[in-house]
Amino acid sequence: MSQPLSDHTIALVKATVPALEAHGLDIVHEMYSRMFQNPDIRDLFNQSHHGDAGSQPRALTGAILAYASNIENLAALAPAVERIAQKHVGLQILPEHYPHVGEALLGAITAVLGDAATEEILEAWGEAYWFLANILIAREDRIYTEQKETAGGWNGWRDFRVEEVVQESSVISSFILRPADGGPVMDHKPGQYLTFWFEIPGHPPVKRNYSISSAPNGESYRISVKREPHGLASGWLHDEAGVGTILKVAAPAGEFFLGEHTERPVVLLSGGVGLTPMVAMFEALVERGADVPVQYIHGTHDRKTHAMRGHIRVLAESGKAVEIVDFHQTPLSDEVKGLDYDEAGIITDEWLVANTPVAEADYYICGPRPFLRHAVSTLSLAGVPSERIHYEFFGPADELLAA
C-alpha cells in the first residue's frame, strides 16, 4: 500500500503544473522515446496510438496534468484509474514493468525542463509516480487474481481457435472463438473486451482490444470487428483470419459493463461499430428476462453498414418491454422507412431527450468519439446524473484522466 504523499511533495508537484501545461507533450514524447528503446516495453503498447499524430501521447499528457492538478484530491480520478488498471491487465502489464516507466518519466522531465528540473522536483515526482504506480499495481493484482480464480479464467495469453466467421455488414465481420485447449471460458460482464496479441508478418507484435459482442455462455466469445481504413490488425483479421486460425487472447477486462441487477429502465445507445458491447448487453438483458423497459437505439450510415440488425430484431421478439429504434444517416434509394430503418438522419439531442426516459433510465453509450461526446453532453444537460451515464470509446487507456 502506498504511503500518503507529504504536503511538501504535493506542493512541489502542483507547482509544476504551469511547466506541464507548456511542455507536457514534449516530456511525453521524450518519455516514450526512452521507454521504446527496450523492445519488451515497446511491445506492450498499441503502436497505432503513438507517434507525433498518435492519440496516446496527447492522452498521457492530459493524464499527467490531471494527476498533478488533482494530486491532493485523487478520489476525483478514481474512475480513470480503474480504466487504466483494466487496460493494463488486458495488455499484461506487470509490476516489473513499472520501474522502466518511472525511469523514463524522470529522465524525460530532466531532458525537457533542464535546470528547472531540480533535484527536489525530481524527488517529488518520483514519490508521486510510485504512489500512483503502487495503487495501480495493487488493483491490477486483484484483477489478475479474480481472473485466475474464476471458473474458466486464466492469466497471460491463451490460444483460441476461430470457429466461425460471419459477415455482418459491408464493413463488419464477427469471429466466434473457442479455446484451443477445449476448456470452458470465464463469464465476462456484458460490455467488456478481450485483448489480442497478433503476430503479423513484417511487424512487431500487435496488441488490440475488441469488445465481446455476445452474452456470456461459458463456452465461447464473439468479437465483431470493423475493417478500418489502413487498419493493420482489422485488415489482417478480415483478410487472413479464417476458420481454424489460432489467436492469442487475454482474459476479459474492462470497467464498462452492464450491471448484474437492472432496476431502472435501460437505454442502449450506439453508433457504428460501437454496437459491439451493446449487442452483448442486449442479449444478456433478453436472456435474463429483464422486467424493466429496454430501448436499443443505433445509428449507422445505411442498410449496407448496419450490422446484426436481424439478430437484434429476432431477440427483441422474445424480450419484455423492448423497443428498437434504428437511425440511417443516409438511407439508400431503395430503403423503406419502417422496414429497413426507423428514422432518417442522425440521432439528434432533441430526439434523444424527447423519446427516452431521461428522468429515470440508465444509459449505456458506445460509438465514435464525436458521437459519444455529444450524447454524454446532451444527457448531462438534460439532467441525467453522471452515475446513470455509462460510456465506452475505443482509444488509449489514459484518455479519461484528461477529460
Side-chain angles (χ1 to χ4, degrees), residues 75-76 78-80 82-83 86 188-192 211-216 254-272 274-300 308-309 311-327 338 341-393 400 403:
E82 176 64 14
R83 177 180 170 87
Q86 294 284 344
H188 62 285
K189 299 173 183 176
Q192 291 189 308
S211 295
I212 303 168
S213 62
S214 55
E255 85 296 346
F256 173 71
F257 53 82
L258 181 72
E260 292 185 11
H261 305 287
T262 48
E263 299 176 351
R264 291 188 290 262
V266 174
V267 177
L268 307 176
L269 179 61
S270 60
L275 62 82
T276 52
M278 300 303 158
V279 174
M281 293 183 188
F282 190 70
E283 286 187 3
L285 287 166
V286 172
E287 289 178 8
R288 292 177 191 174
D291 292 324
V292 299
V294 176
Q295 283 182 301
Y296 181 30
I297 304 161
H298 179 63
T300 186
M308 309 178 87
R309 184 174 189 269
H311 175 61
I312 291 297
R313 295 276 167 167
V314 170
L315 282 173
E317 293 176 359
S318 60
K320 301 177 182 179
V322 171
E323 178 186 14
I324 309 295
V325 184
D326 294 325
F327 279 75
Y341 66 95
D342 300 298
E343 300 286 344
I346 64 172
I347 304 169
T348 66
D349 50 2
E350 293 84 4
W351 188 94
L352 192 59
V353 172
N355 291 276
T356 64
V358 292
E360 52 183 340
D362 274 308
Y363 289 81
Y364 295 85
I365 313 168
C366 188
R369 196 161 290 124
F371 171 88
L372 182 92
R373 294 192 188 282
H374 185 76
V376 171
S377 175
T378 295
L379 293 170
S380 296
L381 291 173
V384 181
S386 60
E387 63 269 19
R388 290 201 278 111
I389 304 175
H390 317 274
Y391 53 91
E392 172 74 303
F393 63 89
L400 286 187

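Because only heavy atoms are used, hydrogens play no part in the values below, and waters and symmetry mates are left out as well, while side chains stay in. Starting from 1, each residue takes its place in the sequence as its number.
What you find for M278 and S270 is that their closest heavy atoms are CG-CB, 3.7 Å. Nearest heavy-atom pair across V322 and A316 is CG1-CB, 3.8 Å. Taking every heavy atom of both residues into account, E287 and P216 meet most closely at OE1-O, 4.4 Å. Scanning all heavy atoms of the two residues, the minimum distance from S213 to V279 falls at O-CG1, 3.4 Å. Annotation for A375 and L269: closest pair CB-CD2, 3.8 Å, computed over non-hydrogen atoms. Shown here for D362 and E387, the closest heavy-atom pair between the two residues is OD1-O, 4.2 Å.
The closest donor-acceptor contact from the side chain of T356 to the backbone of V353 lies at 3.5 Å or more, if one exists at all. Panel note: side chain S377, backbone R373; no donor-acceptor pair is recorded below 3.5 Å. Side chain of R83 to backbone of E255: no donor-acceptor contact under 3.5 angstrom is found. Of the possible donor and acceptor atoms, one in the side chain of Q295 sits under 3.5 Å from a partner among the backbone N and O of N355.
Partners of E82 by salt bridge (Lys or Arg N to Asp or Glu O under 4.0 Å), not counting sequence neighbours, listed by chain and number: R139. With sequence neighbours excluded, the residues that form a side-chain contact (heavy atoms from CB on, under 4.5 Å) with D342 are R313, V325, D326. Remark: P370 pairs with P368 by the side-chain contact (heavy atoms from CB on, under 4.5 Å) rule, at least two apart or across chains. Listed by chain and residue number, V376, I389 satisfy the side-chain contact (heavy atoms from CB on, under 4.5 Å) test with S380 (two or more places apart in sequence, or in another chain). Considering only residues two or more places apart in sequence or on other chains, S214 meets the side chain to side chain donor-acceptor pair (under 3.5 Å) condition with none of them. Among residues two or more places apart in sequence or in another chain, the side-chain contact (heavy atoms from CB on, under 4.5 Å) test is passed with A290 by T262, L285, V292.
Rounded to the nearest 0.5 angstrom, I297 CD1 and E343 CD are separated by 10.0 Å. The line from CG of L352 to CD1 of I365 is 7.5 Å long, rounded to the nearest 0.5 Å. The CZ atom of R288 sits 12.0 Å away from atom CD of E283, with the distance rounded to the nearest 0.5 Å. The distance from atom CD of E260 to atom NZ of K189, rounded to the nearest 0.5 Å, is 7.0 Å. F256 contributes atom CZ, which lies 13.5 Å from atom CD of Q86 (distance to the nearest 0.5 angstrom). Distance check: I312 CD1 to E317 CD gives 12.0 Å after rounding to the nearest 0.5 Å.
Contact check for R309 versus H298: no side-chain heavy atoms found under the 4.5 Å cut-off. Within the 4.5 Å cutoff, the side chain of T300 has no heavy atoms near those of the L275 side chain. A heavy-atom distance below 4.5 Å is not found between the side chains of P277 and F257. Using a 4.5 Å heavy-atom cutoff, the side chains of F371 and I346 are not in contact. Side-chain contact between I324 and F282 is present, with heavy atoms from C-beta onward closer than 4.5 Å. Considering only heavy atoms from C-beta on, Y363 stays 4.5 Å or farther from Y391 through its side chain.
Other residues, nucleotides and ligands contribute at most 12 non-hydrogen atoms within 6.0 Å of the CD atom of E263.
Aromatic ring orientation, W351 versus F327: perpendicular (interplanar angle above 60°, classes split at 30° and 60°).
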